[in-house]
Structure formats: structure tokens, C-alpha cells
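A short worksheet on the structure shown next.
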Amino acid sequence: MIEMSLRHLRAQRRQLVGIALAISLSVAFLIVTQMVGSTLRSGLYESVGRSFKHVDLAMVNDDDQFSPDDLATIGKLPGVAGTQPIDSFGAEYQLQGTRTSIHLTMTPHYAGARDDLKLASGAWPTGVNQVVLHEDVARSARVEVGDTIDLHLMYGITATPMTISGIWSGEGSFGVAPLDGFVAEATWISLFPEFLLQGIYVTLDEGAEPDNVLAEISALDLPAFEYRTRSDLVDAEMDQARAELAMLNTGITAFGLLTIVVATLVVSNTFAILITQRMRDIALLRCAGATAGQVRRLVLTEAALVGVIASIIGVLLAWIGGWAILALIQALWNPSILPGSPELSTFAAVVALIVGIGLAIAAAWVPSRTAMRIDPLVALRAAHDADASLSHRTRTAFAVMCALVGGGILLAGAAISWNGNPALGTLIGIAGGTVTFGGVIFGASVIVPLVARLLGRVTARVGGVPAMVAATNAIRNPRRTTATAIALVIGVTLVTMMAVGAESLRLTLLDQVDARVPIDYQLMFTDDANAQTRSAFVDDLALVDGLDSLATFGEIDSVIIDPVTDTRSAQYIQTVNPQALHAVWRDDNSPLPLATNVVVAPQWLFESLGLSDGNSANLEIGETSTSVTLVLDERLDSPLVIAGSIPELERARPATIWLRFANDADRDGVVNAAYDLADEHGVLLTSLNASDYRDTLETALDTMLLVVVGLLAVAIVISLIGVSNTLSLSVLERTRESALLRTLGFTRRQLRQTLAIEGVLLAAVGASIGIVLGVAYGWIGTITLVGNAYTPAIAVPWGRLGLVMLVALGCGLLASVLPARRAVSADPVVVLADR
Amino acid sequence: MVITSPVPVPPRATQPPGVALQTTNLGKVYGSGSTAAYALRDVTAGFARGAFTAIMGPSGSGKSTLMHLAAGLDSATSGEVWLGDIELTALDDTGRTLLRRQRIGFIFQSLNLLPAFTARQNILLPLELAGVTPDSAWFDQLIATLGLGDRLEHRPFELSGGQQQRVAIARALLPRPDVVFADEPTGNLDRRSGQQVLATLQSMVHEHGQTVMMVTHDPVAAAWADRVLMLSDGRIVDDILSPTTERIISALTALEELA
């Protein structure tokens, strides 16, 4: 059996390339997904191990704390090389109007540790006011060796000027907590008693016995503590990381499995075609005395052999791929947690091999049954195209049922989300989506030929005779066309769904933050400075080059009272100079309805008072009470009144500043100048701008989309290999027809065109169905995900969808190149003469 | 005995209207040196317009090769082929392909038709390729003569062997080509259908002036032609006008004895 299978395989070498490719790619991808997880894990393990290199013991104490004397005493014990506090302390520095916090600790006693912590330049701090900083921190703070930096140690109110004595390269480490620098022991001791020392790392001398040292430590008068060994510490760190990595791994593996599913579909279709082409051979076998069971075993054995070979290739591909990805990651980001070579466990390789062989056999299962049923008489008859007469009824019924049930579940999921439980709703939605997609797959044998016929008709009308021939060829075997298209539909649906979902989500979230107010830029004070300091800053800010105008919003406590019911609402009220506001407002057509004795306010104020637009209320500021009219304007966050209209408003403290840039101003330059001014005046600022949020949001969504599409890319490539398989095998069947066409006047070029159009058509059918489904799923998905948190916006990213279609068509074209070559290479004479 | 065609070969520049196709010193060699196989040697023959010519010979005689070269399906290694005033042998593959749309028609022994197309679509295909609107009167007449009226929308697998051949004939004749080449057109048919096909071909020649060149090994089929060319070993060895079945059989037997 095996010998016969091998002979058959060798005879069909070329036809099997497509199958082998699909299997090896999907197996390789599956392995790589596993490799990523295990490589990350072991890289992390190595990295954590390195950080605890100098730690032999840790003494941990949650209730009480150690003192610096304890540290010194333990350090002097025989067998102890050095001690180090586990806890670091925080410090802040200010730059450009913002405070950045860093973590510092004491310079290690132990020389071995100091040597490992490579200083990039300078020396370890000796004086009380010296500090060594991590080179990244030094860069952000724009300081070098010898410079002074004002540090708020332990977030103190006053800053201590400290001199940079050295820059730390960041190598080596002591424990895994983030560390940004070191101070001298004297500085560290000066932080007590405010500083909490709840753990001590102990480094032992070489050859020292941990138990002896522990005994001696226990003999000391120390607060009660627990001790941990190095492996305890490493394990604790790893446990947390492991959980996160496991989740990541599961996610990526899901994509790997999806790819295997797609590959199985493709390979199954190709096997089916091959069996059809070998019908005569198989019939002859049966004539010669082979039983149906033997035929079936033959087919399955061939499949298994192909599976073995392809899987081995897949493992090799994965190994190479692993190296390539690792090299890429290190070239791009150089993270120090990755090991030097990719980790491929024997277990993973064996599992992948089994999966590959299983894939091949599973794919060949149904075709083997077809082969089994081939009538020996077929050998004596000429074969012709049979129209696929499936039992359409049952299939269609099942498909419709799945679609309806699944659709119902989807709607239920959306409804549950709307009612405030988006998590549950999403879960249900995913179930519904899967069921509907199952319906699509069942109904594919009806949907795909329909779409193919439609697109074919359009193509035939637009193109010439080659298009007509291509369109006819594409639908002459509906079962084959369906099987080919389905693989592509899966990939395209998922990609489209992600793209549509990302775009819809983006619009939904942006709708919330969108510049409801038509202004260029907003700054907000975040410090505790008084009104004078802030005003002084604003005065200087107004003079900055590139700034056209600014409007300052003052803020003051107030109470708004409904005169009728005496309901009170206490909150900050804002004031602004109307001329200044007008100057920065970019939309003259819809200004804020400010007027004397008018308070413009958003909906929430009305709701809290139980009033409506236009009602009167009393505005109490300090001692004075003024009667005002409340006007609704949803664009504001808090109530607004004209500055100076009430004397008490003089006391308002500047809170927010709206800026308007000059037409050709360098916006970033103006903003930087503003932050520099903030440092000079001692105020802290933050900016709230839709554009910043938009950028962050878009980057995040784009990255996610890119990753997902990347993970789906392999599945799509495999489905396009399926298109190529179908075409090249169909060409083999049609050698006589192609020769006939050439005889009747088809030029070589027209014959190639026919195949190109057929490839593009197949891809177009799969892609268009996938896009339609993807858009529908994307919309429902967004609505379900968002729930009632926001008003969902649904979008159609035409650009991206167009790209997907273009890529699919392009690949369909590419898939036809080799088959087309094969079609025209046949000499019509030779083919036709062969009767 | 080697006999050349009774119709004198005119000089190249002036082809009288009487000759639809002319081969001059036509030769085809496969391979080279000691392994060279001569399929056709120095064949000069003129095929009269409006005549039904049959080409016969044992297998290996070169009859199929002659047809292939005459039809422009293959390229000659020596000599020339003239279709009217066009030198076929000087054209490249595309040039010869274009001729096959309207000026040359084909009928094969079997598997003549594109299985995915209807009879009508098969018949109209060459003209569609040429981008020429078919003559609907001629189309109707052909369909009527061939008795295909109720079969036009059927696919080949829904037609009998004889019907398929008739569809092939309709396709070959619709463009009114200079020459129709038929390669063993009755080989796969039963006697009655075969006779029908041959009768149709003959009537097309005699009533509509179509030139037909038929390759066959069947003496009964060849007797339907106006002229039979015998080939042996790549050369013309006999030329029979107004052939009868007996005459052809005796000529074939003579060939056997020569070998």
C-alpha cells in the first residue's frame, strides 16, 4: 500500500505542491505561535533570574519595618557579603510644566553588584547631594554629569538640588521593581524615619552556608520577618507574568487554529479535484481487482504521506521563521528580555507534526469516500462535467435555520448590551456570530454559485470572448467554486470585521471627545498656585510668538438655586471675557449664548435643579445673590457666566485657557513655549485636546488592527493558494479544450487572459461575500461592544475595504500566472492529435 | 510511383482563383541528425476551390501532418503553404491564429465542442473571436440544413455523436472559410450518422462551393470526395480523381505490396 502510494505521489508531484504548501504553512504558523509564547516565557525567566543574581536571601516584613542600623548589622555578619534595601523611594522633578516621578535606592554596598550595574559615565554618589541617574531619565530630564537637578525626594514639597555624579547604563539590576537611580547611603539614611524599609536583600559570601547565616540573623534582635530564597523570589515574579503570557498565548493560538481550519478546507478541495481527475485510474484499479476499501486506504495513505512530508517542511519553516522574527524584534526594539535563539520544544514540534498529518487525513476523508464509490465502468466511458446535484433542500434548510437562530442570538446579545451588560452581551454576540457563520458555510453551495454567476455575467458583458469563457468556466463546477471560495470568505470576513469594527469604534469614541467647542487648543492648570501666580503666567503667555489670542476662564465657588423649589446646586462656575472668547472662537455662526445675567450651562445642571432651558434661578457667589436666566448649551462642561458682570467674580482664579494660533504659527513651538513659561512661573499645566486623544486612540486601534490582520494573513495566503490549486488543476482537465480554443482562433494571450480572469473572478467572489459579511458583523459587533455607554457610530472604511478587495483580486491574478503558463505551453497539435 | 498533382502549379505571384490552398515543397522533420524523423517530404499539391479532397494513407504516412501544416496549426521545416494569396508559412503563431477564426474551419473526430457551452454558443464562437456579426440568413440556412433547430440550446453531453458532429460542421461553415479541414470526422460515429455527415459535407461542397479537405483512413468515406491524395512515407504516391471505393481499396493494397 505504501509503495503504491509513493508511486502515485511521485507521478502527481506537481499537483501536490499546492497541498504541501498549504499544510506546511499552516503547521509552521501554528508552531511559531507557540514559539512566541515559550520564547517570551523563557526570556522573561532569564531576565528575572539575572535581576536576582546577587540576591541569595530576602527578608520581608509587612507589619513592622527595619531600620538602617539593621541593614548595617546584618551586613557585618560573617558570611554576608552585603545587604540592600528591597524598597526604593520615589522622587519627582519638574520639566515643561509637568512632574515626572522616578524611583531611587541606595548605592549597593556589595562591590560585585556595583560592578554589574555598569555606569555609563561618572562615578557613584559619595556626597549627600549627589545622585546617579538612569541614562533614559537623564535624557528626558535633559541633564548630564555635573548638572544639577531639583528633586522632590519622597514627593516632598521642597526640592533638593542634587548634582549628577554619574549616569547609569541600566544594566544589571537589584530586584525587579523599576529603578531609575542611586543615592549615597547618607542621603538614604536621611530619609528615615519617613521612609518605610520593609525588606532587605542579603548577598552571601562565596561558600557561605545560608542556614548558618539565617541562624545568626535570627539571633539578632530584629522585627519579625519572613525569609525568601532566590528561587522563591523568581517564582513569585514569574507567576504573575505567566498568567498574562498564558492569555496572550491563547489568543495567538486561536489564530493558529483558525489557519489550520482554513488549510483543511483548501486541502480538502484540492484532494477532491485530484480524485475527480484520477477517476479513470481509480476505476482501472477497481477493474483490476482492488476493493473499495483498498482504494480508500490508498487515498488516505497518500494523504498521510503528503502530511508527513509537508509537516516536516513546516517545522523547518517554523524554525527559520522563528529566527527571522527574533532578529526582526531585536533589530526594531532590542528588548533585553529575549533570549538569543528561538525556543522550539520537541513537544511542540511533535504536536505540530501530528496536527499536520491529522489535517491531511481529515481533508482527504470525504474525497476518499468519493474515490471509494467510483464505479469500475467509469474507466470505459468518457467523463463529462456533471452539474453538482446536491441535495439542495436539506442544505438550504439547515443554512436558513442557522442564519435565523444565529441572527436571533446576535440581536439578543446586542439587546443585552444595550441594557447595560456589554460583557455578557459580547459573549452572546460571539456565539451568535459563530452560528450565523455556520449557516453561511452550509448555505455556501447556494450563495457562492449565485454570486459567481452574477459577477460572471458582469464580467462576460464587459470583457470580450476570453471573459465569457472565463465566466463559464468559473461556474461549470459549482461545488468546486464553492469550496475554493469558502476558504477565502473566512479570512476576508474576519479582516473586514476587524477593520469595520476598529473604524466604528474610533468614530464612536471620538464622537464623545470631538471638539464640541471650535477652538484650537486648551490648557488647564493642575497646580495649587494662587490667582496672582496664574494670572502672571497668563499675561506672559499672551505675549508668546505665534499666538493670535487667548481667553482665560476663571473659576469660583457658587451655588445656583431654583427660586421656586429652593433646590440648591453647589459647583464651580466659570467666567470669561466675552470679547476674548469671541476672539478665540472659530465658528462665527454658532457662538455661545452669553449675555448679561445669563448663565450658560450643560444639561446636567438643569437635571440637578429640575429646571429647563430659559428658566430663572438665583446665582449665589459669596454673599451676593443675583437673579439669572439659565440657557442650555451642551458644548460646555460647567456653567459659564460673563466675567465682571457680578463684582464677586473678580475673585475667580484662572483655571482654563483657550488658545487661538496665528495662521502660519508653529503650533508645537507655541505649546512648548507655554510649558517653558509654566516652569518659569512655577505653575503646572495639562492640555486637553481632542487631537491628542484622537492620535493616541488611532495609534492604539491601528496597532491592534495591524496585529490582527497580520495574524490572519497566513490564513488568507493559504486560501489564495487554494485558488491557485483549483485553477492549475482545472487547467490540467481542460488541456483538450484549451487546444480546441487555440484551434478556433484563441491567441496564446487570450488563453492566458481567460485564466487570469477566472482567477480574479474566483477571488472576487470570495472577497465580496467576505466583505459583505464582515461589514455586517463589524457593525453588530461595535453596537454590542459599546452597549449603552455611548451612542455607537457605524462606519464603512471604504479605503481599507477597497484595499482588501484589491489585494484579493491581485492575488487571484497572481494565482493564475503559473496555470496560465501551463495552459499555453501545450501544443494544440499534440493535444488534438492524441486521440 | 510518385505522381504530382494533375493541376499545374502556377508561379507564386499569380494564383488563379481555382486554387484555394497550395503547398510547395512542403517538408516537416522532427529531431535532427541520425534521429531525424521525416513526417513530410517535399510535398507539392494544389487544392482546388469548391472541391472535396480526401487525404489517405497508412499510419505514419504524414497525412495528419500535412493537414496540420496546411491549416497553420504547426510550422513547416521547409517549403511553403499558401492560403489564397497569404503565405501561411511566413506568419507567426498569432498571425496563423487569426486566420483560424474566419478563413479556416475545423472538424475533428471527437471532442469537438466546448462542453460548458451550448450548441449555439459553440457555433458562434469563432466569429465572436473575430468580432464579426454572423450572417443570420446563412446561420438559419445552415441550422435548417443540418437539422439542428431544436438542439441549439443543448450542451454537448446532451447531444448524440452525430448531432455533435453536425454542430461542429455548422461551426466550421458559418464563417464561410476558404478551407474546411476535417480530421477523421466519421471515426467515432455509427454507419448511419457517418453517412449523414459525409453527405452533408459533400452537399456543402457541391451546392455552396465550400472547399473541404478531409483526412481519413476509411475508403468508403474517401469515396465521397472528388479527389483522393494518397500519401506514404511523407510523400504523395497516388492521386485519384472521381474515386470509387474499389479504386481506392486497390490503390491501398498496392501501397501495402510496395512496402
Side-chain angles (χ1 to χ4, degrees), chain A residues 381-389 449 452-453 456-457 460-461 463-478 480-481 730 733-754 758 824-835, chain B residues 28 30 39 64-65 67-69 71-75 92-118 121-132 155-159 161 168 171-172 174-175 177 181 183-184 187-188 215:
Chain A
R381 280 196 240 115
H384 64 246
D385 281 332
D387 276 327
S389 50
R453 215 161 283 146
R457 211 168 289 165
R461 200 155 297 170
V465 183
M468 190 179 82
V469 175
T472 315
N473 281 336
I475 59 169
R476 66 201 274 180
N477 195 332
R480 191 178 294 185
T481 313
S730 301
E733 282 176 354
R734 296 188 226 140
T735 35
R736 205 193 151 82
E737 273 174 53
S738 303
L740 195 62
L741 283 172
R742 294 270 290 126
T743 315
L744 295 177
F746 251 60
T747 58
R748 281 211 171 92
R749 194 153 143 262
Q750 285 178 310
L751 203 58
R752 275 199 295 263
Q753 276 175 357
T754 306
E758 205 178 325
V824 297
S825 68
D827 189 351
V829 171
V830 172
V831 174
L832 293 171
D834 185 19
R835 302 175 209 143
Chain B
K28 178 77 180 177
Y30 293 102
S64 296
T65 311
M67 189 189 78
H68 292 155
L69 291 178
L73 280 177
D74 202 357
S75 50
D92 67 355
D93 177 73
T94 307
R96 284 183 270 130
T97 305
L98 294 176
L99 280 183
R100 295 202 286 271
R101 293 176 180 177
Q102 286 183 275
R103 301 197 54 178
I104 298 174
F106 284 98
I107 302 165
F108 297 104
Q109 177 175 356
S110 64
L111 302 175
N112 255 301
L113 308 176
L114 294 171
F117 290 93
T118 61
Q121 287 170 325
N122 266 288
I123 294 171
L124 294 174
L125 190 59
L127 283 181
E128 283 227 32
L129 282 171
V132 165
R155 294 244 159 75
F157 71 88
E158 293 165 312
L159 303 171
R171 179 186 67 202
L174 186 62
F181 293 93
D183 191 356
E184 305 273 11
N188 264 20
V215 165

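Letters A, B, ... mirror the listed sequences (proteins, then strands); counts begin at 1.
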Under 4.5 Å heavy-atom distance to chain A, tell me which part of B:L113 shows up: side chain, backbone, both or neither. backbone
Nearest 0.5 Å, please: how far is CG in A:L740 from CG in B:L114? 5.0 Å
Could you tell me which portion of B:R171 (side chain, backbone, both or neither) has an atom closer than 4.5 angstrom to a non-hydrogen atom of chain A? side chain
Excluding sequence neighbours, so at least two apart, what forms side chain to side chain contact (heavy atoms under 4.5 Å, CB included) with A:Q750? A:P466, A:F746, A:T747, A:Q753, B:R101, B:L129
Does B:N188 have any side chain to side chain contact (heavy atoms under 4.5 Å, CB included) partners at least two apart in sequence or in another chain, and if so, which? B:Q109, B:S110
Per-residue contact mode, A:R742 against chain B (heavy atom under 4.5 angstrom): both
Chain B heavy atoms under 4.5 Å from A:L744: which part of the residue, side chain, backbone, both or neither? both
d(B:E128 CD, A:M468 CE) to nearest 0.5 Å is 4.5 Å
Does any backbone or side-chain atom of B:L125 lie under 4.5 Å from a heavy atom of chain A? Answer side chain, backbone, both or neither. side chain
Distance (rounded to the nearest 0.5 Å) between B:T97 OG1 and A:R748 CZ: 7.5 Å
Could you pull out the closest heavy-atom pair between B:P115 and A:E737, with the gap in Å? CG-OE2, 3.1 Å
